[in-house]
Visitor: 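Quick one: this structure, given as structure tokens, is what I'll be asking you about.
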Amino acid sequence: MTEFTKKVLAIVRKIKKGKTMTYKQVADMAGSPGSARAVGSIMKKNYDLTVSCHRVIKSDGTVGDYNRGGSEMKKKLLEEEKIR
DNA sequence: TAGTTGACCGGAA
DNA sequence: ATTCCGGCCAACT
């Protein structure tokens with residue numbers, strides 16, 4: 001658990017409803033540009049409910065992965081929130 | 001302490 | 001457009 005981790009969590013938590021951020025953006029804001037992989041690694045194990053991890057997607061715009069119900073559900077959630 | 005893994009990214013073939 | 005390869009950083013074993 002490093003500062004970077006906490007920062008990432010805080011940033012993701014600040015993502016407003018209907019907004020989506022890429023792992024790269026989050027990593028960049030956290031202070032470690034290019035560490036998108038680290039962000040995913042963190043989320044995988046330290047996925048808090050206070051953090052809207054399902055709002056975080058890949059730089060390509062694709063949904064990416066999800067452990068809480070699968071990427072299918074995540075995609076749906078984004079469609080529900082993002083598209084409105 | 002060192003090595004492996006992974007919800008990724010970007011460039012090359 | 002798809003597939004392959006190296007790099008990046010935190011967490012796990």
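Residue numbers start from 1 in every chain, and the chains themselves are labelled A, B, ... in the order their sequence lines are given, proteins ahead of strands.
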Visitor: Which side-chain N or O atoms in residues 42-58 of chain A pair as donor and acceptor under 3.5 Å with protein atoms at least two apart or in another chain?
Guide:
from    : atom 1 : to      : atom 2 : distance (Å)
A:His54 : NE2    : A:Glu81 : OE2    : 3.3
A:Arg55 : NE     : A:Glu81 : OE1    : 2.5
A:Arg55 : NH1    : A:Ile15 : O      : 3.1
A:Arg55 : NH1    : A:Lys16 : O      : 3.3
A:Arg55 : NH2    : A:Glu81 : OE1    : 3.2

Visitor: Restricting to side-chain hydrogen bond (donor to acceptor under 3.5 Å, both in side chains), what partner residues turn up for A:Ser71, sequence neighbours left out?
Guide: none
Visitor: Taking only heavy atoms on the protein side, list every residue of residues 44-78 of chain A lying under 4.0 Å from any atom of DNA chain C, sorted numerically.
Guide: A:Lys45
Visitor: Find every protein N or O atom lying less than 3.5 Å from an N or O atom of nucleotides 11-13 of chain B, and list the pairs.
Guide:
none

Visitor: Which residues in residues 1-13 of chain A have at least one heavy atom lying under 4.0 Å from any atom of DNA chain C?
Guide: A:Met1, A:Thr2, A:Phe4, A:Thr5
Visitor: Which residues pass the side-chain hydrogen bond (donor to acceptor under 3.5 Å, both in side chains) test with A:Thr5, not counting sequence neighbours?
Guide: A:Thr2
Visitor: Which pairs would a plain distance check flag for residues 22-40 of chain A, meaning a side-chain donor or acceptor within less than 3.5 Å of a matching protein atom at least two apart in sequence or in another chain?
Guide:
from    : atom 1 : to      : atom 2 : distance (Å)
A:Thr22 : OG1    : A:Gln25 : N      : 3.1
A:Ser35 : OG     : A:Ser32 : O      : 2.6

Visitor: How long is the straight-line distance from CD of A:Glu79 back to NZ of A:Lys74, given to the nearest 0.5 Å?
Guide: 12.5 Å
Visitor: Checking all strands, does A:Ala38 fall into the base, sugar-phosphate, or nothing category for heavy-atom contacts under 4.0 angstrom?
Guide: base
Visitor: Under a 4.0 Å heavy-atom cut-off, which of residues 23-32 of chain A touch DNA chain C?
Guide: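 Under 4.0 Å from DNA chain C: no residue of residues 23-32 of chain A.
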Visitor: Drop me the distance from A:Met73's CE to A:Leu77's CG, to the nearest 0.5 angstrom.
Guide: 5.0 Å
Visitor: What's touching nucleotides 1-4 of chain B from the protein side, N or O pairs under 3.5 Å?
Guide:
none

Visitor: Between the protein and nucleotides 2-6 of chain C, which nitrogen or oxygen pairs come in under 3.5 angstrom?
Guide:
none

Visitor: Tell me every residue that passes side chain to side chain contact (heavy atoms under 4.5 Å, CB included) with A:Lys75, counting only those two or more places apart in sequence or in another chain.
Guide: A:Val63, A:Glu72
Visitor: Among all residues two or more places apart in sequence or in another chain, which pass the salt bridge (Lys or Arg N to Asp or Glu O under 4.0 Å) test with A:Glu3?
Guide: A:Lys6
Visitor: If you count every heavy atom of other residues, nucleotides or ligands that lies below 6.0 Å from A:Arg13 atom CZ, does the total exceed 12?
Guide: yes
